[in-house]
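Indexing begins at 1, ligand by ligand and atom by atom, following the structure's order. As the structure is a prediction and not an experimental result, all values here were calculated from the model.
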Amino acid sequence: MAEDTGNDEKVVFPFHEMGLDDRVLKAIAKLGWIKPTLIQERAIPLIIDGRDLLARGRTGSGKTGAFCIPLVQRILDVKAQHSSQTALQAIRGCVLCPSRELARQTFEVLQSLTSSCGGIIRILDLGTKDVATMKPLLSDVPDIIVGTPGRLAEHLKAANLNLDALTNLIIDEADLIFSFGYEADLRIILAKLPSIYQAILTSATITEDVTKLKKLVLNNPVILKLSEPQLPDSSQLSQYVIKLEEEDKLVLIYALFRLELIRGKTLIFV
Ligand code: AMP
C-alpha cells in the first residue's frame with residue numbers, strides 16, 4: 001500500500017500531459033478548468049494507471065473531477081477498442097453517492113465532461129424518477145450510472161440492470177455511506193459485482209467505517225492523504241458573526257434568505 005501526502009514539491013502536472021483524449025481535454029477547457037487541483041493532479045494519473053485508490057478530499061477540492069475525468073477516459077478507451085458498440089453496450093462505470101443531491105451534481109459533472117463526445121457515452125442518474133419509471137431507461141443500457149446505494153440496490157432487486165461488465169466502481173463521500181444507513185444496500189451491490197474491477201473511495205475523513213469499506217472494496221490501494229486545509233481557500237469563503245437577541249433570530253434568518261443576502265453553500269451556527 002502506497003501513501004501520498006502531497007507534501008513534496010509543488011509539481012503542476014497539466015491536464016494535457018495526462019494522456020487524456022482530445023474530447024475530454026476539450027470538455028475540461030469548456031468547463032474553464034485551466035489547471036488540475038491538487039487531488040486531480042495526484043489522482044488522475046493513478047486511476048488511469050488502473051490503481052485502486054482511497055483519496056481524502058473535501059467538497060471544493062475538485063474531487064468529483066478527479067474521479068470523473070479518468071472514468072470518462074476509460075469508457076472512451078473501451079469504446080475505441082471495440083468497433084461494434086451496440087453489441088458490447090454495458091454498464092461499465094458506477095458512481096455511488098450518499099445523497100440524491102450529490103448524485104445529481106456528479107451526474108452533471110459527467111455530462112459536462114462528455115459534452116464533446118458526440119453522445120457516445122450515456123450516463124444515467126438513477127434518482128430522477130421512481131424505480132418502475134426508470135426501468136425502460138435502464139433497458140437502454142447506459143455506460144455509467146450514478147445514484148445512492150439505496151436506489152441501485154432497489155434496481156438490482158427488481159432485476160432492472162446487471163453489473164456483470166462493470167469495470168469502475170466509485171464510492172464518493174464514503175464516510176457518509178455507512179452513517180446514512182446504506183450498509184445493507186452496499187452489501188447487496190457488492191455481491192452483484194464481477195470479481196475484478198477498479199475501485200475508488202473518496203472521503204473527507206478516514207473513519208472506522210471508511211477503513212471497513214476500504215477492506216471490502218479496495219485491492220492494494222494507493223492512499224492519497226493530501227494535506228489540504230479542511231476549509232476552502234479564503235477567496236472562496238466568507239465568515240460573519242452577528243450578535244442579536246434571541247427573539248430576532250428567526251426574522252434575521254428569514255430576511256437573509258428572502259432577500260438573497262447569502263448565496264452559495266452556507267453553514268449557520270447559533
Ligand atoms: P468538488 O470538490 O468536486 O465538489 O468541486 C468543487 C468545485 O471546483 C466545482 O464547482 C468544480 O466545478 C470546480 N473545479 C473542479 N476542478 C477544477 C479545476 N481544475 N479548476 C477550476 N475549478 C475546478
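Which parts of ligand 1 touch Ser61 is read off a 4.0 Å heavy-atom cut-off, strictly below it: atoms 2 (O). Within ligand 1, counting atoms from 1 as listed, the ones closer than 4.0 Å to a heavy atom of Lys35 are 18 (C), 19 (N), 20 (N). For ligand 1, the atoms sitting less than 4.0 Å from at least one non-hydrogen atom of Thr64 are 1 (P), 3 (O), 4 (O), numbered in the order shown with element in parentheses. Set against the non-hydrogen atoms of Gly62, the atoms of ligand 1 under 4.0 Å away are 1 (P), 2 (O), 3 (O), 5 (O), 15 (C).
Residues Gln73 and Asp77 have side chains that bring a donor and an acceptor to within less than 3.5 angstrom of each other. Gln89 and Asp143 share a donor-acceptor pair across their side chains, judged by distance under 3.5 Å alone. A donor-acceptor contact closer than 3.5 angstrom is absent between the side chains of Thr207 and Asp175.
Within a 6.0 Å radius of CD in Glu17, more than 12 heavy atoms belonging to other residues, nucleotides or ligands are found.
Below 3.5 Å of separation, one finds no N or O of Ile34 facing any N or O of ligand 1.
In this structure, Gln105 does not count as a contact residue of ligand 1, since none of its heavy atoms falls inside 4.0 Å of the ligand.
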Given Glu208 and Lys212, is the salt bridge (Lys or Arg N to Asp or Glu O under 4.0 Å) satisfied, shown in steps? CA-CA 6 Å; Glu208 241 176 67; Lys212 200 161 135 190; over 6 Å; no
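At least one side-chain heavy atom of Leu76 sits less than 4.5 Å from a side-chain heavy atom of Ile120.
Across the listed options Gly65, Cys68, Gly60, Gly60 owns the non-hydrogen atom lying nearest to atom 2 (O) of ligand 1.
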